[in-house]
Amino acid sequence: MDIEKNARDTIMKHSLIEKTDKVVVALSGGKDSVAVLYMLHRFGYDVEGLMIDLGIGNWSEIHNEKMTKFCEGIGVPLTIVDLRKVLGNGMNFIKDVLKKEKNLSGCTVCGIIKRWILNKWAKKLGADKLVTGHNLDDEAQNVLMNFLKGNVLLGVNSSPATGGDSELRTEAPNGHTPPGHENLQAGDPAGPNLGLRRGERECGFVQRVKPLFFIPESEILKYAKGKKFDILYDKCPCAFGTYRVETREWMEEISDSEKVKIVKNFQKLIPQLRQRNVREIMQCKECGEPSRGNVCNTCKIFSYLD
Ligand code: AMP
Ligand code: ZN
């Protein structure tokens with residue numbers, strides 16, 4: 001598969017990025033985000049990398065070194081945000097506290113904090129667009145996981161462009177909160193923050209875009225290996241025992257063409273789902289970032305760490 005063509009087509013068809021945009025790529029150090037950064041730079045966009053150092057021992061140190069070298073090599077600026085400086089603790093400590101206090105899974109906590117930091121720093125960097133390396137497998141997993149949990153509506157914002165004015169808030173069906181999330185709901189925050197940059201639209205979100213949305217993970221792996229990217233190919237060492245990891249494992253049996261059908265057929269349902277799921281957009285009273293309630297999920301996490 002020509003994945004560069006696929007990414008270009010997605011960018012064009014869904015109007016993901018303009019030539020004049022300042023594009024910030026959320027760089028985890030894995031193959032997907034590295035591939036998308038590399039491609040966008042090659043396509044001539046004004047890109048830079050933004051990486052969160054999660055403070056997960058050796059794993060984070062190796063990623064930092066490799067990404068610093070990689071970005072220098074292709075001449076792209078890189079900002080590394082040290083989680084310990086922002087929150088006072090590394091991710092493992094934070095996850096342990098939240099597991100004990102709220103019985104939340106580590107990946108949920110990590111995801112909430114990453115989204116908060118990425119949005120805040122993308123704004124600091126003056127980004128019009130925030131790019132992530134989410135691929136077809138991630139999206140197909142989301143569709144099936146939400147379906148199996150009986151929460152299809154949680155996928156209402158799943159599309160190549162989310163955030164900004166393209167995003168509408170979702171609640172679990174019948175207003176029920178997913179188990180374990182009673183006081184702290186997972187999901188993307190959003191809220192008003194008027195008068196900022198073009199990419200923020202009117203809700204304090206820098207628009208997040210996913211050029212690899214329709215590309216199977218297996219093809220990205222081939223691309224990264226073909227280009228001989230000097231990166232860590234392992235999955236996050238902390239992601240085990242979660243529903244997503246289990247789903248990922250049994251989905252290995254499903255072919256790429258079926259994953260395309262899962263994602264594309266779900267996309268067809270989204271307009272109808274959106275009509276029924278508009279939620280109010282707010283601004284966190286603690287930090288001013290987008291939020292689904294008065295206080296955003298990340299500030300709730302802060303309060304449990306005190
Ligand atoms: P994940 O949720 O780990 O599968 O990551 C999905 C996407 O989020 C990646 O492709 C990156 O674009 C972004 N991302 C994940 N971890 C980080 C990180 N530590 N720093 C910056 N971006 C990240
Ligand atoms: Zn907040």
Side-chain angles (χ1 to χ4, degrees), residues 26-33 50-60 62-63 81 83-84 86-87 89-120 130 132-152 154-155 157-158 162-163 170 172 177-189 208 210 212-213 217 220 232-252 289 292 296-305:
L27 205 54
S28 65
K31 62 182 184 325
D32 309 293
S33 51
L50 170 60
M51 176 157 148
I52 305 168
D53 175 349
L54 298 168
I56 308 177
N58 227 2
W59 164 263
S60 296
I62 298 173
H63 272 310
V81 180
L83 189 81
R84 287 157 297 195
V86 180
L87 301 191
N89 296 289
M91 188 53 80
N92 286 338
F93 174 80
I94 298 170
K95 288 197 292 201
D96 285 350
V97 173
L98 268 291
K99 175 83 194 154
K100 188 162 157 260
E101 299 276 330
K102 293 273 122 195
N103 198 27
L104 280 177
S105 101
C107 295
T108 300
V109 173
C110 188
I112 290 169
I113 293 176
K114 280 196 288 200
R115 276 192 294 272
W116 184 84
I117 293 182
L118 289 173
N119 193 55
K120 211 168 153 70
L130 175 62
T132 63
H134 289 100
N135 60 39
L136 179 79
D137 290 58
D138 298 323
E139 302 305 327
Q141 279 158 26
N142 287 341
V143 173
L144 294 188
M145 278 167 54
N146 289 336
F147 186 78
L148 292 172
K149 285 193 283 189
N151 283 340
V152 177
L154 283 180
N157 294 320
S158 157
T162 52
T170 315
T177 303
H181 295 214
E182 283 73 15
N183 294 319
L184 191 65
Q185 296 174 358
D188 294 332
R208 279 163 294 132
K210 305 172 183 175
L212 310 184
F213 196 86
E217 184 174 4
I220 301 168
L232 271 188
Y233 284 90
D234 310 348
K235 299 262 179 222
C236 172
C238 305
F240 55 86
T242 63
Y243 193 48
R244 177 175 291 279
V245 173
E246 279 172 29
T247 309
R248 189 188 292 148
E249 279 168 10
W250 63 254
M251 281 190 69
E252 279 169 19
E289 280 294 292
R292 305 171 82 189
C296 78
N297 288 338
T298 302
C299 287
K300 286 179 188 163
I301 289 175
F302 289 158
S303 71
Y304 295 122
L305 298 175

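Here the structure is a predicted model, which is why all the values come from computation and not from measurement.
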Measure the [atom1]-[atom2] distance between [X] and [Y] for me, rounded to the nearest 0.5 Å.
X    : Y    : atom1 : atom2 : result
K149 : M145 : NZ    : CE    : 4.5 Å
T162 : H134 : OG1   : NE2   : 8.5 Å
T108 : K99  : OG1   : NZ    : 9.5 Å
I94  : R84  : CD1   : CZ    : 10.5 Å
I117 : L50  : CD1   : CG    : 9.0 Å
L232 : H63  : CG    : NE2   : 4.5 Å

| Worked check of side-chain hydrogen bond (donor to acceptor under 3.5 Å, both in side chains) between N297 and R292 | CA-CA 8 Å; N297 288 338; R292 305 171 82 189; over 6 Å; no
message: Between Y233 and K31, is the side chain to side chain contact (heavy atoms under 4.5 Å, CB included) condition met? List the steps.
response: CA-CA 7 Å; Y233 284 90; K31 62 182 184 325; 4.3 Å; yes
I want to check something: taking the side chain as every heavy atom from C-beta on, are [X] and [Y] in contact at a cut-off of under 4.5 Å?
X    : Y    : result
C238 : N92  : yes
Y304 : L98  : yes
T247 : W250 : yes
S158 : E139 : yes
D53  : L83  : no
F93  : D96  : no
R244 : N142 : yes
E289 : T298 : no

Could you check whether atom OH of Y243 has more than 12 heavy atoms from other residues, nucleotides or ligands sitting under 6.0 Å from it?
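Yes.
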When you compare the side chains of [X] and [Y], does any donor N or O come within less than 3.5 Å of an acceptor on the partner?
X    : Y    : answer
D32  : N135 : yes
R208 : N119 : no
S105 : T242 : no

Handout entry: Step-by-step salt bridge (Lys or Arg N to Asp or Glu O under 4.0 Å) determination, E249 to K235
Key = CA-CA 13 Å; E249 279 168 10; K235 299 262 179 222; over 6 Å; no
Margin query: Under the side-chain contact (heavy atoms from CB on, under 4.5 Å) test against E217, which residue among L136, L212, D137, D138 passes?
Written below: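 For E217, the side-chain contact (heavy atoms from CB on, under 4.5 Å) test succeeds with only one of L136, L212, D137, D138, which is D137.
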Might you point out which heavy atoms bring [X] and [Y] nearest each other, and give the distance in Å?
X    : Y    : answer
S28  : S33  : N-OG, 3.0 Å
G55  : S60  : N-OG, 3.4 Å
L54  : C110 : CD1-SG, 4.3 Å
T132 : K210 : OG1-CG, 3.6 Å

Please walk me through it: do M91 and I113 pass side chain to side chain contact (heavy atoms under 4.5 Å, CB included)?
CA-CA 9 Å; M91 188 53 80; I113 293 176; 4.2 Å; yes
| request: Step by step, work out the side chain to side chain contact (heavy atoms under 4.5 Å, CB included) result for L144 and M251. | output: CA-CA 10 Å; L144 294 188; M251 281 190 69; 3.9 Å; yes
Item to check | side chain to side chain contact (heavy atoms under 4.5 Å, CB included) assessment of I52 paired with L118 | outcome: CA-CA 8 Å; I52 305 168; L118 289 173; 3.8 Å; yes
